Number of protein chains: 2
Amino acid sequence: MDPVSQSEDEIADASDPDHLGKMIREARLRKGWTLEEAGKAAGIGRSTLSKIENSQTRPSFDIVRRLTKALELKTPQLFVQSGPSDISGRRDVTFAGGGEMQETPTYSHELLCTELTSKRMFPYISTIKARDVSEFESWIRHRGEEFMFVISGELTFFTEHYRPLPMKAGDSVYYDSGMGHGCISTGEEDAKVLWVSLE
Amino acid sequence: MDPVSQSEDEIADASDPDHLGKMIREARLRKGWTLEEAGKAAGIGRSTLSKIENSQTRPSFDIVRRLTKALELKTPQLFVQSGPSDISGRRDVTFAGGGEMQETPTYSHELLCTELTSKRMFPYISTIKARDVSEFESWIRHRGEEFMFVISGELTFFTEHYRPLPMKAGDSVYYDSGMGHGCISTGEEDAKVLWVSLE
DNA sequence: ATCATTTGTTTCTTATAGGAAACTTTTCCA
DNA sequence: TGGAAAAGTTTCCTATAAGAAACAAATGAT
């Protein structure tokens, strides 16, 4: 953290017109780069970078994109703007079995921590009913990333481009949810998995 | 996903100079808005928006930010550009106990799915050694959001501004990790929790 | 079909972003 | 200390973003 930020662990300050510039300077210094070096890495001039960091210009999106890449900036933070979202300084508990139920023919989802509406990850527990492999339907597919952890039971996890993956309690998998995916319980009883979905 | 695939559920295509414009038009139409309406919502002119959508201009970051807000666009997608990140079209499995171990005096972390380096969520299992409450040290605190799920055992989860939270297997909590937080095992044996951290 | 209205595109103009170079400040070594 | 080199800022100029208005295409009503 750098000289600019007030408290040593400040949360991205909203409604600050200098937000973008501060973030970028912070990221550059974190890398220990000079304006020249950072500019070169991002393919922009050092004068431009100076002006951006000091909020003396409104850079184009393209320039910002190049900087985020060179400086390995976390992009969502750049968009922080209007007041902290409702997660700021908050927590949301769901006790076992206390989630919001959502039923489908094959799955039974229990949505967790649904009080915090502006959270970015979506955790839920699915009970996958034991059934025959032949019943497998179509791929689920949606932009983003997903993490799955098997809580109990045995199942087979399918994804496009890969061979079926047998999994049991304690196993986990992380995957691009843009790939078709799905799973079926292969054990005697229903399987229980925890999913965390992003985006 | 490779550059060749053109499925109808196409993943954000990298190295496409028209990427930004396409995303924005898509988002606008999803809302069923005209250029006029969307422009008004974002506070920009309809001609400007037209040019952005058709990639006839390189909009300023500020304009893009206003659009993302008005159109409720997922921001990280906008930055997709140079080659798909290594998660694209991939999956990464970790079998029970097969994670990368990382030891600290109090915690024992097992990092999951560490093959995919560009993933955005960081899942790990922690074993929290059973011990006395008095040993509680200092807050852990870092930008971002976190989800925690208790796999086994009993523990107390602490966060600033809230009272201690007793938790047991199956319970979960989602919180702003910018708040100080930490937990200790309160049961007979070590507690096991799954954490998923973002940002 | 004809005309009116609405939606999207293309000028046209002005304000400004971005880079080169001049200038200033800081660093650091003799 | 002083003076040179490096880092950062400001100035100046050109290319272009952004909005207004003119234009064109699509939609809809009679």
Side-chain angles (χ1 to χ4, degrees), chain A residues 1-6 13 15-73 75 77-82, chain B residues 13 15-73 75 77-82:
Chain A
M1 204 97 346
D2 79 349
V4 183
S5 56
Q6 275 65 7
D13 183 10
S15 65
D16 175 3
D18 298 353
H19 179 63
L20 181 68
K22 284 180 182 169
M23 296 288 296
I24 289 174
R25 169 151 293 183
E26 199 178 303
R28 175 174 65 86
L29 296 178
R30 206 179 302 133
K31 289 231 168 220
W33 283 351
T34 65
L35 289 172
E36 184 78 39
E37 291 168 323
K40 198 163 187 183
I44 68 175
R46 73 165 183 280
S47 59
T48 303
L49 184 48
S50 169
K51 280 182 277 191
I52 292 170
E53 292 187 352
N54 293 301
S55 302
Q56 291 174 10
T57 188
R58 296 182 184 201
S60 70
F61 178 77
D62 189 54
I63 293 283
V64 174
R65 190 186 45 65
R66 284 190 253 168
L67 281 167
T68 60
K69 198 180 169 198
L71 299 173
E72 297 178 89
L73 259 167
T75 60
Q77 297 177 357
L78 299 180
F79 289 86
V80 177
Q81 169 102 345
S82 52
Chain B
D13 183 11
S15 65
D16 176 2
D18 298 354
H19 179 64
L20 181 68
K22 284 179 182 169
M23 296 286 297
I24 290 174
R25 170 151 290 182
E26 198 178 302
R28 175 173 66 85
L29 296 178
R30 206 179 303 135
K31 289 230 167 220
W33 283 352
T34 65
L35 288 171
E36 183 79 38
E37 291 169 323
K40 199 163 186 181
I44 67 174
R46 73 164 183 279
S47 59
T48 303
L49 185 47
S50 169
K51 281 181 278 191
I52 291 170
E53 292 187 352
N54 293 301
S55 301
Q56 291 175 10
T57 189
R58 297 184 181 195
S60 71
F61 179 79
D62 188 54
I63 294 281
V64 174
R65 190 184 46 65
R66 284 191 253 169
L67 282 167
T68 60
K69 199 180 170 195
L71 299 173
E72 298 179 88
L73 259 168
T75 59
Q77 297 177 359
L78 299 180
F79 289 86
V80 178
Q81 171 100 341
S82 49

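Everything quoted here is computed from the prediction, not taken from an experiment.
Taking the screw axis at each terminus of the helix from C/dA1-D/dT30 to C/dA30-D/dT1 from five consecutive base pairs, the angle between the two is 30° to within rounding of 10 degrees.
Here ring-ring contact (aromatic ring centres under 6.0 Å, His included) pairs that include residues 51-72 of chain A, with residues two or more places apart or in two chains, are A/F61-B/F79.
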* Asked: Under the side-chain contact (heavy atoms from CB on, under 4.5 Å) criterion, do B/I52 and B/V64 qualify, and how do the steps go?
  -> CA-CA 9 Å; B/I52 291 170; B/V64 174; 5.9 Å; no
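Remark: C1' of D/dT9 and CZ of A/R28 are 12 Å apart, rounded to the nearest angstrom. In this structure, CG of A/L35 is placed 6 Å from P of D/dT9, rounded to the nearest angstrom. One atom, CH2 of A/W33, and another, P of D/dG8, lie 14 Å apart when rounded to the nearest Å. One interatomic measurement links the two molecules: CD of A/E36 to P of D/dT9, which rounds to 13 Å at whole-angstrom precision. Taking atom NZ on A/K40 and atom P on D/dA6, their separation rounds to 14 Å, with Å as the unit. Separating the CG atom of A/L29 from the P atom of D/dA7 is a distance of 13 Å, rounded to the nearest angstrom.
A distance of 10.0 Å separates OG1 in B/T34 from CG in B/L29, rounded to the nearest 0.5 Å. Atom OG of residue A/S47 and atom CD of residue A/Q56 lie 11.0 Å apart, to the nearest 0.5 angstrom. Here A/I24 contributes atom CD1 and A/L71 contributes atom CG; the two are 7.0 Å apart, rounded to the nearest 0.5 Å.
The outermost nucleotides of DNA chain C lying under 4.0 Å from heavy atoms of chain B, listed 5' to 3', are C/dT7 to C/dT11.
For DNA chain D, the residues of residues 41-53 of chain A within the heavy-atom distance limit of 4.0 Å (strictly under) are A/R46, A/S47, A/S50, A/K51, sorted by number.
In this structure, the side chain to side chain donor-acceptor pair (under 3.5 Å) partners of A/K31, at least two apart in sequence or on a different chain, are A/E72. By the side chain to side chain contact (heavy atoms under 4.5 Å, CB included) test, A/S50 pairs with A/L35, A/N54, sequence neighbours left out.
More than 12 heavy atoms of other residues, nucleotides or ligands sit less than 6.0 Å from atom CZ of B/R66.
The minimum heavy-atom distance linking A/T57 with A/P59 is given by the pair O-CD, 3.3 Å. In plain terms, the two heavy atoms of B/A38 and B/W33 that are nearest each other are CA-CE3, 3.6 Å. A pairwise comparison of heavy atoms in A/R65 and A/D62 identifies NH2-OD1, 2.6 Å as the closest pair.
As judged by a 4.0 angstrom heavy-atom cut-off over every strand, A/Q56 is placed among residues touching the sugar-phosphate backbone only.
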